[in-house]
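As structure tokens, the structure follows; a few thoughts come after it.
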2 protein chains.
Amino acid sequence: MLDRMDRKILDILQKDCTLPVAEIGKQIGLSTTPCWRRIQKLEEQGVIERRVALLDPKKVNVGVTVFVSITTSNHTKEWLERFHAALEDFPEVVEFYRMSGQIDYLLRVVVPDIERYDTFYKRLISKIELYDVSSAFAMEQIKFTTALPLDYAAEERRP
Amino acid sequence: MLDRMDRKILDILQKDCTLPVAEIGKQIGLSTTPCWRRIQKLEEQGVIERRVALLDPKKVNVGVTVFVSITTSNHTKEWLERFHAALEDFPEVVEFYRMSGQIDYLLRVVVPDIERYDTFYKRLISKIELYDVSSAFAMEQIKFTTALPLDYAAEERRP
DNA sequence: CGGAATATGGAAAAATAATCTACCTATTCT
DNA sequence: AGAATAGGTAGATTATTTTTCCATATTCCG
């Protein structure tokens with residue numbers, strides 16, 4: 001269970017993990033040591049998975065996001081494994097979900113432009129057979145955050 | 001332009017931004033000071049936007065991802081602003097795109113379970129009028145990374 | 001109830017890392 | 001040749017993390 005202090009710490013670290021522990025402590029009303037211990041514990045428990053640098057997509061030339069909906073007719077274990085492995089190899093695929101409903105899989109792909117998406121697409125379908133692929137282009141990224149809501153963490157988690 | 005060294009640095013920092021500069025330097029074959037200077041520059045240029053802690057979604061009780069496709073009939077400026085503002089207020093909405101094609105907007109929403117999604121959905125439609133809303137549930141998050149591909153950053157970026 | 005065990009908070013010191021400066025060298029470009 | 005760029009070393013300074021030691025609650029049994 002995460003108490004109010006833990007959630008305050010996580011709230012801060014999800015926005016900026018460069019702040020000194022002493023500063024975080026000050027913000028939440030805790031001295032350095034207990035604040036530091038809580039952070040350690042959150043890391044041990046795996047609540048904090050890691051700390052990473054976030055880059056500006058445009059500045060690394062991947063300003064275009066495409067959502068790719070995939071349907072497959074092949075549901076064998078062997079195909080699935082090849083599919084997963086294939087997508088791991090594409091750094092352009094930044095998110096990959098197995099879905100319920102009509103669509104089997106959903107990808108979020110980042111590329112510099114539409115031409116490059118086409119190149120990616122060709123490489124994808126040459127690597128693995130897919131029944132149906134449909135691409136939807138994002139015109140604008142209005143919101144993107146890695147900060148998860150913490151309100152639900154106050155309750156007991158389902159097992 | 002980002003040269004090979006910059007990309008190596010970014011590659012490391014996208015995975016783990018807690019490493020000491022000296023250690024990063026060692027990994028890429030650069031002494032501390034020039035490595036440090038490059039990181040400073042990448043931050044000034046805004047290539048590195050910020051450094052954040054990533055949490056385990058399940059451990060903060062938001063293990064369920066839902067993609068929400070929204071179509072609207074209202075395209076006035078006033079409606080748009082209210083729409084954007086409304087979604088900013090929902091911490092469950094972690095991604096929000098304006099799309100081309102049939103669907104106008106796409107959201108990624110994180111919640112603890114389907115019941116909670118329903119609660120979210122009701123709050124959403126009570127806040128703003130939407131023409132059509134369609135929800136697709138992710139059964140499994142197979143891949144999720146904040147690390148952008150860096151191969152395209154080697155080229156000149158379009159203005 | 002008393003007291004051990006546990007959890008939590010705090011102060012201060014020790015260890016580590018970041019930051020910044022100065023100066024030197026090699027390479028490239030004009 | 002001279003300017004500009006990039007890397008290197010060394011050292012001083014500051015900032016931060018990590019550890020140690022201690023105090024205070026709170027809980028849980030016998």
Side-chain angles (χ1 to χ4, degrees), chain A residues 1-56 59-61 146-147 150-157 159, chain B residues 1-56 59-61 146-147 150-157 159:
Chain A
M1 269 295 300
L2 303 176
D3 66 11
R4 184 174 290 102
M5 282 305 188
D6 288 328
R7 279 178 280 132
K8 278 187 187 175
I9 290 171
L10 294 175
D11 190 46
I12 291 169
L13 289 178
Q14 283 198 111
K15 289 184 198 127
D16 182 0
C17 69
T18 67
L19 290 176
V21 179
E23 171 60 26
I24 297 171
K26 200 188 292 175
Q27 286 188 26
I28 67 174
L30 213 56
S31 71
T32 309
T33 305
C35 185
W36 180 82
R37 280 195 288 242
R38 279 172 180 269
I39 294 172
Q40 292 299 309
K41 202 171 166 190
L42 290 166
E43 276 168 353
E44 277 164 27
Q45 293 172 330
V47 178
I48 297 173
E49 276 186 337
R50 54 227 199 94
R51 293 153 185 253
V52 301
L54 300 182
L55 311 186
D56 182 334
K59 296 227 166 101
V60 294
N61 200 23
T146 54
L150 297 172
D151 311 310
Y152 299 110
E155 320 157 20
E156 213 45 72
R157 290 182 291 286
Chain B
M1 271 294 300
L2 303 176
D3 67 11
R4 183 174 290 101
M5 281 303 186
D6 287 328
R7 279 178 280 131
K8 278 187 187 174
I9 290 171
L10 293 175
D11 189 46
I12 292 169
L13 289 179
Q14 283 198 112
K15 289 184 198 127
D16 182 358
C17 69
T18 67
L19 292 175
V21 178
E23 171 61 26
I24 297 172
K26 201 188 291 176
Q27 286 188 26
I28 67 175
L30 212 56
S31 71
T32 308
T33 304
C35 185
W36 178 80
R37 281 194 287 240
R38 277 172 179 271
I39 294 173
Q40 291 300 310
K41 201 171 165 190
L42 289 166
E43 275 168 355
E44 277 164 28
Q45 293 172 330
V47 178
I48 298 174
E49 275 187 339
R50 55 227 199 93
R51 293 151 187 255
V52 301
L54 300 183
L55 311 186
D56 181 334
K59 297 226 166 102
V60 293
N61 200 24
T146 54
L150 296 173
D151 311 310
Y152 299 111
E155 321 157 21
E156 213 45 71
R157 291 182 292 286

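We name chains A, B, ... by the order of the sequence lines, and we start the count at 1 in each one.
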Interatomic distance, A/Q14 atom CD to A/I48 atom CD1 [nearest 0.5 angstrom]
9.0 Å
Test salt bridge (charged side-chain N to carboxylate O under 4.0 Å, His left out) on A/D16 and B/R50; report intermediate values, then the result.
CA-CA 7 Å; A/D16 182 0; B/R50 55 227 199 93; over 6 Å; no
Interatomic distance, B/K26 NZ vs C/dA17 C1' [rounded to whole Å]
13 Å
Strictly below 4.0 Å, N to O, side chains only: are A/D11 and A/K15 in salt-bridge contact?
yes
Straight-line distance of A/D56 CG to B/L42 CG, nearest 0.5 Å:
12.0 Å
Would you kindly give the CD1-to-C1' distance between A/I9 and D/dT17, to the nearest whole Å?
15 Å
Could you give the CD-to-P distance, from A/E44 to D/dT18, as a whole number of Å?
12 Å
Measure the distance from CZ on A/R4 to P on C/dG9 and round it to the nearest whole Å.
13 Å
Minimum side-chain heavy-atom gap B/V52-A/L13 below 4.5 Å
no
CD (A/Q45) and CD (A/E43) are apart, to the nearest 0.5 Å, by 10.5 Å
Under a 4.0 Å heavy-atom criterion, the protein footprint on nucleotides 5-16 of chain D, written with B, S and -, is -SBBBB-----S
Side-chain N or O of B/W36 versus OP1/OP2 of C/dT19: is the shortest distance under 4.0 Å?
yes
